[in-house]
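Bear in mind the structure is a predicted one, so any value in this text is a computation, not a measurement. The chain is numbered in sequence order, starting from 1.
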Amino acid sequence: MPVCKHCGAKWSWSDTLKRSWTFRRGMRCRNCKKKQYQTRSSRKKTSLVAGLIPVVLVPAASLFDLAPGSILGLGMVLGILCIGVLPFFFELTSKEEPLW
């Protein structure tokens with residue numbers, strides 16, 4: 001779980017998940033109210049985890065000749081798993097970093 005760079009407070013899984021679902025760059029720490037940013041490497045890791053869904057889904061669907069309902073169900077399960085593990089890949093910094 002991420003740790004605030006200002007006060008050292010460890011963010012909970014639910015706090016991290018809630019704060020990650022925003023279009024704003026900065027996320028405020030619940031403890032000290034200072035703005036934190038996701039690190040560049042953390043953003044790359046989370047995008048790779050999210051990108052695994054189609055990489056797993058497409059070959060599985062063609063390999064096992066799955067019905068459309070099964071593909072949808074598998075996609076939903078993979079999506080829920082992806083959302084569940086994303087907070088573990090979060091790392092915070094006090095300065096905003098460019099993606100590249």
Side-chain angles (χ1 to χ4, degrees):
M1 287 295 112
V3 176
C4 177
K5 295 299 178 187
H6 291 284
C7 67
K10 187 174 180 182
W11 289 24
S12 69
W13 179 87
S14 59
D15 280 343
T16 307
L17 191 63
K18 287 177 195 173
R19 285 172 175 73
S20 67
W21 288 95
T22 181
F23 290 109
R24 289 185 227 120
R25 289 274 193 191
M27 300 174 271
R28 294 212 180 266
C29 174
R30 179 176 274 189
N31 191 36
C32 67
K33 307 296 185 219
K34 300 278 186 175
K35 211 173 229 191
Q36 299 287 294
Y37 301 94
Q38 190 178 6
T39 64
R40 179 182 330 158
S41 63
S42 176
R43 284 186 290 188
K44 289 180 181 179
K45 288 175 192 174
T46 55
S47 64
L48 284 174
V49 169
L52 284 176
I53 294 173
V55 169
V56 171
L57 193 60
V58 171
S62 63
L63 184 66
F64 297 112
D65 196 29
L66 297 175
S70 299
I71 295 170
L72 181 63
L74 180 60
M76 289 173 60
V77 168
L78 289 173
I80 291 169
L81 286 174
C82 178
I83 290 170
V85 299
L86 280 181
F88 293 103
F89 291 98
F90 264 70
E91 297 169 0
L92 298 174
T93 182
S94 57
K95 295 180 182 179
E96 187 171 7
E97 300 174 344
L99 184 57
W100 309 108

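The closest donor-acceptor contact from the side chain of S42 to the backbone of Q38 lies at 3.5 Å or more, if one exists at all. Side chain of Q36 to main chain of K5: a donor-acceptor pair is present (N/O by atom type, distance under 3.5 Å, no hydrogens or angles). E97 places a side-chain N or O within donor-acceptor distance of the main-chain N or O of R40, the cut-off being under 3.5 Å. In this structure a side-chain-to-backbone donor-acceptor pair under 3.5 Å is present from R28 to K33. Listed for the W13 side chain is no donor-acceptor partner under 3.5 Å among the backbone atoms of V85.
With hydrophobic clusters built from ILVMFWY side chains whose heavy atoms lie under 4.5 angstrom apart, I71 shares a cluster with L63. The cluster map of Ile, Leu, Val, Met, Phe, Trp and Tyr, joined by side-chain heavy atoms under 4.5 Å apart, puts I53 and V56 in the same cluster.
Between M1 atom CE and F89 atom CZ the span is 10.0 Å, to the nearest 0.5 Å. In this structure, the separation between OG1 on T16 and CZ on F90 is 7.0 Å, given to the nearest 0.5 Å. With rounding to the nearest 0.5 Å, the separation of CZ in R30 from SG in C4 is 13.0 Å.
Contact annotation: the side chain of Y37 never approaches that of K95 to less than 4.5 Å [non-hydrogen atoms, C-beta and beyond]. At a threshold of 4.5 Å between non-hydrogen side-chain atoms, the residues C7 and K34 do not count as touching. You'll find the side chain of H6 reaches within 4.5 Å of the side chain of S94, heavy atoms only. In this structure, the side chains of L92 and M27 come closer than 4.5 Å at one or more pairs of heavy atoms.
Contact record, C29 with C32: SG-N, 3.6 Å, taken as the closest heavy-atom pair. Smallest separation of non-hydrogen atoms from V3 and G8: CG1-O, 3.5 Å. In terms of heavy atoms, S70 sits closest to L66 at CB-CB, 4.1 Å.
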With a 3.5 Å cut-off and sequence neighbours excluded, list the donor-acceptor pairs that the side chains of residues 74-83 form with protein atoms.
none

### Query
Would E91 and S41 satisfy side-chain contact (heavy atoms from CB on, under 4.5 Å), going step by step from the backbone distance to the final call?
CA-CA 8 Å; E91 297 169 0; S41 63; 3.4 Å; yes
